[in-house]
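What follows is a short report on a single structure.
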Amino acid sequence: MPPLMPPLLEIRDLHLTMATRDGPAQVLTGVALRIARGEIWGLVGESGCGKTLTGLSVPRLVPCPPAHYPAGEVRLDGEDLMALSERRMRALRGRRIGMILQDPATSLNPTMRIGDQLADVALAAARHDPALLGPGPARTAARALAATMLDRVGIASARQRLSAWPHEFSGGMRQRVLIAMALIGAPDLLIADEPTSALDVPVQAQILALMQGMAADRGLGMILITHSMGVVARACSHVAVMYAGSIVETGPVVEVLDRPAHPYTRALMAAVPGRHTPRGTLRALPGTVPDLLAAPPGCRFAPRCPRATPACRAARPPLRPLGAGHAVACAHPDAPAHG
Amino acid sequence: MLRFLLRRLLMLGPVLVGLTAIMFVIARLLPGDPVGLAAGPNATQAERAALAQEFGLDRPVWDQYLSYVAGLARGDLGRSLMTRHPVAEDIAIYLPATLELVLAAMALAIALGLPLGLLTALWQNRWPDRLGQVLAIGAISVPRFFLGLLLQLVFAMWLMWLPLGGQLPVVTLPPPRVTGLVTLDAALAGDWATLGAACRHLALPALALALSPLAAILRMMRASAIEVMAQDYVTAARALGLPRRKILIKTIGRNAVSATLTVIGLYFGWLLGGTVLVETVFDWPGLGLYATRAILSQDMMPVIGVALVTGLIFIAVNLAVDLAYGLIDPRVRYE
Amino acid sequence: MADPPLLELRGVSRLYRPRRSLLARGPEVVALDGVSLRIAQDESLGVVGESGAGKSTLTRIILRLERPDAGQILYRGADVARFGPGALRAFRARVQIVFQDPQAALNPRMTAEEIVTEPMLVHRDTVGLDRRGRRARVAELIETVGLRPDHLRRFPHELSGGQRQRIGIARALAAGPELLLLDEPTSALDVSAQAQVLNLLIDLQDRLGLGYLFISHDLAVVRYLCDRIALIRQGRLVEEGPAAQIFDAPRTACARRLIDAAPDLGAPLRSAGRTTGTD
Amino acid sequence: MTAGTRLPRPAARRPRALRRFGRNRLSLLGAGLVALVLALALFGPLLAPYPAHVAGGIDTAARFQPPSAAHPFGTNELGQDVLSLTLAGARVSVLAGFSVVLIGGTTGTLIGGIAGFLGGWIDEILMRLTDLMLIVPNLILAMTVAAVLGPGFQNMVLALALGWWPGYARLLRGEVLAARERPHVTAARAMGASQARVLVRHILPNCVSPVIVKMSLDMGFAILMVAGLGFIGIGVRPPVPEWGTMLATARAYMPDMWWVAMAPGLAIFVAVFGFNLLGDGLRDSLDPRGGR
């Protein structure tokens, strides 16, 4: 067998401790993820489960202190990002790793024109990748590229829009600009943190479709952070379900959504009303996400789990493969019937 | 934009009339004997009556007020009992010195306060920042006149590096008057020796005056820079690999300055009305000294005039701040 | 003749003219444009629309916190606009509101107990409970919304989002209402808290026979909770009818667009379609 | 015209605020200095090593003695112990500062609260007046009034308080307007609570913290102004020891007898520094919007 190519992104056993006023909180406890080019991963869970911090950890944007990484690796094409100097890391941001934040209303600098913001990102990326802009004066080339990108994300009369201010755009348009900004450096990996939560429903669908299309065209690997199983179902090829700092279930979307094995995954899916959920039949998970300052030992989901046993409270179950790329961290999973 | 400016200028009229009314009420309704003070202890009853009549102080207050407002429209600020000059002329003499002092102090405060505020925000909660915060609170807490005395003591009396007070050495002829600001006039005249002397005289009072606005600007800049740094667009800029210098200046700096502008405007106005103490300490021939002398002799016309002029400049500065706001932040609309 | 509905809106319009300065007013902005709705006793009506469609103006107008520029609001057949002080107070005991952001909707300076007691104090004359009676009623309410008595001593910031919203609901129930205006009550909550609150609302309606006006941008949630659905867009009523009908046989393009766009777990298929265009 | 929107501020939380305050060493230093200054204001004359000098006694034989064990800050032109006068001087500064802030703060709070809550033409009139008063230079106004009324404690307080309220009126009006739009206030109105109840129970308690913070910061500022008036020569009547007046006298003997100025100058600094640190700490712990 030839040596395996390293995956685009591999996160191994990532731990993150956050210093708070009331002591250290163990925010991430052993996150593991492998993402190949062309895959769209949904990272799903409720607020406070560590999805955003996982996403921010890849381009190393979590401020340290208060954060601290006791263990773990984040490898991009085999290169461990945690070991890089800040300088080298900066060269990767925007150029190899693109990022889209949750709220398009606040993610653009209000005091700079759209075109200048796009061009600045292109110029920064071109410092490390001169081929990006092509010949000619850099500033002009950067603006031309900015116009091309705006056009690609579906903004009409892109050239004129370069001189617009962010506040002149609607929420959906701004998110399109942010997608253009994230992709202008031609990254291989795109991380999008709740890119549609702040938008109206029809616009959400458009933006998701746009992101899917761009990812497919460029062969991007993508992490889509979301709290909505519906978004995962609509847009992702793979899903990783997070609970209280670690991944409890992972696999292809079709596998996980059709045969959820972890009680939390099942609960998350059962808690969202679908088009045909009869009134009064929604199954709500009792309780709330545990306080990470005093997280229970063993399985962190045990206090809310209908089938927890003393063994669950004693030791944390590792992620175990179930076949077909599906894995679950649970001592008593629903055995998915593979045929 | 033009309409905005026009409307703000139109508002000036009522503001001036209102301001005059307030000062008149205070100046005229309180007990006091300005005529007696001006005429001197040995004046006869007839002399005092003549003086009162000459300055219109024998007429009812509302009548005095109306004629004052009428004069205001012509740029007439009344006449001083003390100097017997028209107040407008007196102010034209004393205002430039105060302006020079305040401008120098504000320039110093802004030039140091903005970058230092940005830097301490970057070093948030590390020792340079904490030290900076304590020093800034300390700087706001020093009485300006005590600071002035200390500066005189150390730099003028013990070290003898800088002059004790005044605007120019007694023997130096002031440069030909163009703007009234001695430093500027000297530079315009190409008289470098005088310019040097003027700057040496300006240094200590400007420093004494600059310290507390410097600290206030630093603190405001730090606070708003910290607020800006927590914004998504800063995280986004970092996530997209923008160079640090660009993030610092274009993203954080620009957005933080717009909040700090308000403080700058407020302090400018506040300094204009608050140079009195520093001018007293340094014998600086400015509006503050003029006003103090007038106040001590209960000579109200100069006081009202000074209040009006400083109020007017205050309004102008704040208008400028509003306009600068719009230059920095495109979301601001002039309506 | 049948009884008049619990609440009826007849051609309600509301325009805003943002003030530009002391004298000048800007151009008019239409928040509501001739909206007519009816809610029967123990019925729940879902109002769905995009942001800026005028949903929140609707609640403010019903509560008479704002006056409509045209149209009438009838409560059990009586014109709300003509209520005198006494009738208005009685009306405000009968119609209560639950807000989107439970953090902002609770007075941060008051404990949960004080917050829930407040409506009883305001309507002391009609509720007619002494101190002990109020305590008992608060204890009862807190259990009704699924919280423990020790939650009563906490301040809002010491509660989770879902718990805060339960306090908000308990407060709304305290004066004994007939109609609850629910302004996006679950959209600030996490998935499981949302499900908990939705179930609580259904449970309350079944037990207390309340009428609901449920405002949301989430069609699935509205479909789950409501008997009838009204779609509004730019202040105008686009379509109204039984929930099943709207979902299965929408008559307008607007309704179809909303329904198609809503993510649905029922069919985990990837739609690879790619759309472009401005929003 | 405004620039963007601010996030709604989570209102203050008492127990947590207290803890946060206690954890900040600088705020504790400020509280300590304020306690010291308050103690001096109460007991200063009793602590003075030369009570006779405080009462106005002079000792011409001991004029201008430099700092020594007997007189740590030296003696002045009348042979009085500078330390004793400085300790006793705390009373005027603190009491005047306190009265000014209390009178100005209460008046301004009342005016701003009424304007913000009632709105309409009352708001319009009160706020135009406030704007006008904000334009009048504070120090010149105070000097004018104090000079016309003549020296004396009450006159000085009155003169300063006259220009002190507009800041509070602005502050409270802004807070009330912001609070009025908060959902919990809408909820109170929607449940039928009376105007007075809405104001007293739901709006005002949420506007208190910024006023307290401003009052604390203003105490320092007021002490500076009191000293400033004294320095110009329109403060309290001479035999009463007052820091600003002491500095003004000391200035005349400056380079050689410099020590006469040190004690009162430092005293003003320490008092103002204490109140500023305290106010800053209060702001940080009551209002998460500021600094750290």
Side-chain angles (χ1 to χ4, degrees), chain C residues 20-22 56 59-60 62-66 83 85-111 114-116 118-127 154-158 164 167-168 171-175 177 180-181 183 188, chain D residues 1-2 5-20 119-121 123-128 131 175 177-212 285-289:
Chain C
R20 274 183 163 170
S21 71
L22 202 57
S56 294
T59 58
R60 295 182 62 84
I62 293 174
L63 290 166
R64 222 180 96 173
L65 295 171
E66 276 175 35
F83 283 168
L88 183 64
R89 259 167 59 79
F91 170 72
R92 284 182 169 167
R94 297 275 173 235
V95 180
Q96 285 287 313
I97 181 165
V98 177
F99 290 94
Q100 169 174 11
D101 179 1
Q103 164 93 58
L106 305 180
N107 188 340
R109 299 270 177 191
M110 288 162 82
T111 62
E114 289 173 309
I115 290 170
V116 179
E118 184 74 2
M120 296 182 227
L121 291 173
V122 169
H123 295 286
R124 211 173 305 168
D125 40 350
T126 49
V127 174
R154 303 201 190 163
F155 285 93
H157 70 267
E158 296 167 320
R164 275 183 220 135
I167 294 292
R171 170 177 64 187
L173 296 178
L180 289 193
L181 309 180
D183 187 358
Chain D
M1 38 188 281
T2 57
T5 49
R6 275 181 191 278
L7 292 173
R9 169 158 44 96
R13 303 150 178 191
R14 255 160 296 177
R16 191 180 291 188
L18 207 65
R19 245 186 307 149
R20 234 181 298 173
W121 61 270
D123 178 32
E124 208 62 59
I125 289 177
L126 289 177
M127 280 303 115
R128 289 294 83 78
D131 287 347
E175 290 288 326
L177 283 184
R180 220 168 56 157
E181 296 309 316
R182 298 248 291 276
H184 76 80
V185 175
T186 311
R189 293 209 289 149
M191 73 173 68
S194 63
Q195 292 266 62
R197 190 177 183 90
V198 169
L199 182 65
V200 170
R201 228 169 128 67
H202 298 278
I203 293 183
L204 286 185
N206 289 292
C207 303
V208 171
S209 321
V211 174
I212 291 178
S285 49
L286 291 176
D287 176 0
R289 199 170 40 176

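In the text below, chain A, chain B and the rest are named by the order of the sequence lines, each starting its count at 1. From a predicted model like this one, the values you see are computed outputs, not experimental measurements.
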Point to revise | Shortest non-hydrogen contact from Pro183(D) toward Ala105(C) | key: CB-CA, 3.8 Å
Check your understanding: When heavy-atom pairs shorter than 4.5 Å are enumerated against chain D, which of Pro177(C), Ala172(C), Ala104(C), Gly168(C) gives the highest number?
Key -> Ala104(C)
Exercise for review: Given side-chain contact (heavy atoms from CB on, under 4.5 Å), test Met191(D) with Arg171(C) step by step and report yes or no.
Suggested key: CA-CA 9 Å; Met191(D) 73 173 68; Arg171(C) 170 177 64 187; 3.6 Å; yes
Review point. Side chain, backbone, both or neither: which part of Ala175(C) has an atom under 4.5 Å from a heavy atom of chain D?
Key: neither
**Study point:** Per-residue contact mode, Arg189(D) against chain C (heavy atom under 4.5 angstrom)
**Key:** both
Check your understanding: Going by heavy atoms in the side chains, are Glu118(C) and Arg197(D) under 4.5 Å from each other?
Key -> yes
**Study point:** Engaged part of Val98(C) at the chain D interface, taking heavy atoms whose separation is under 4.5 Å
**Key:** neither
Point to revise | Heavy-atom pair with the smallest gap, counting every atom of Pro108(C) and Asn206(D) | key: CG-OD1, 3.2 Å
Exercise for review: Show your working on side-chain contact (heavy atoms from CB on, under 4.5 Å) between Arg60(C) and Thr186(D) and close with a plain yes or no.
Suggested key: CA-CA 9 Å; Arg60(C) 295 182 62 84; Thr186(D) 311; 3.8 Å; yes
Revision key, fill the gap. Closest heavy-atom pair, Ala190(D) versus Ile97(C), reported as atoms and distance to 0.1 Å, is CB-CG2, 4.0 Å
Practice item. Start with the C-alpha gap between Arg109(C) and His202(D), add the side-chain angles, then the distance that decides, and say whether side-chain contact (heavy atoms from CB on, under 4.5 Å) holds. Key: CA-CA 8 Å; Arg109(C) 299 270 177 191; His202(D) 298 278; over 6 Å; no
Study note, to complete from the structure: Rounded to the nearest 0.5 angstrom, the OG-CZ distance for Ser194(D) and Arg89(C) is 8.0 Å
Study note, to complete from the structure: Applying a strict 4.5 Å limit to non-hydrogen atoms, the region of Leu106(C) in contact with chain D is backbone
Check your understanding: Do Asn107(C) side-chain atoms and Arg201(D) backbone N/O form a donor-acceptor pair below 3.5 Å?
Key -> yes
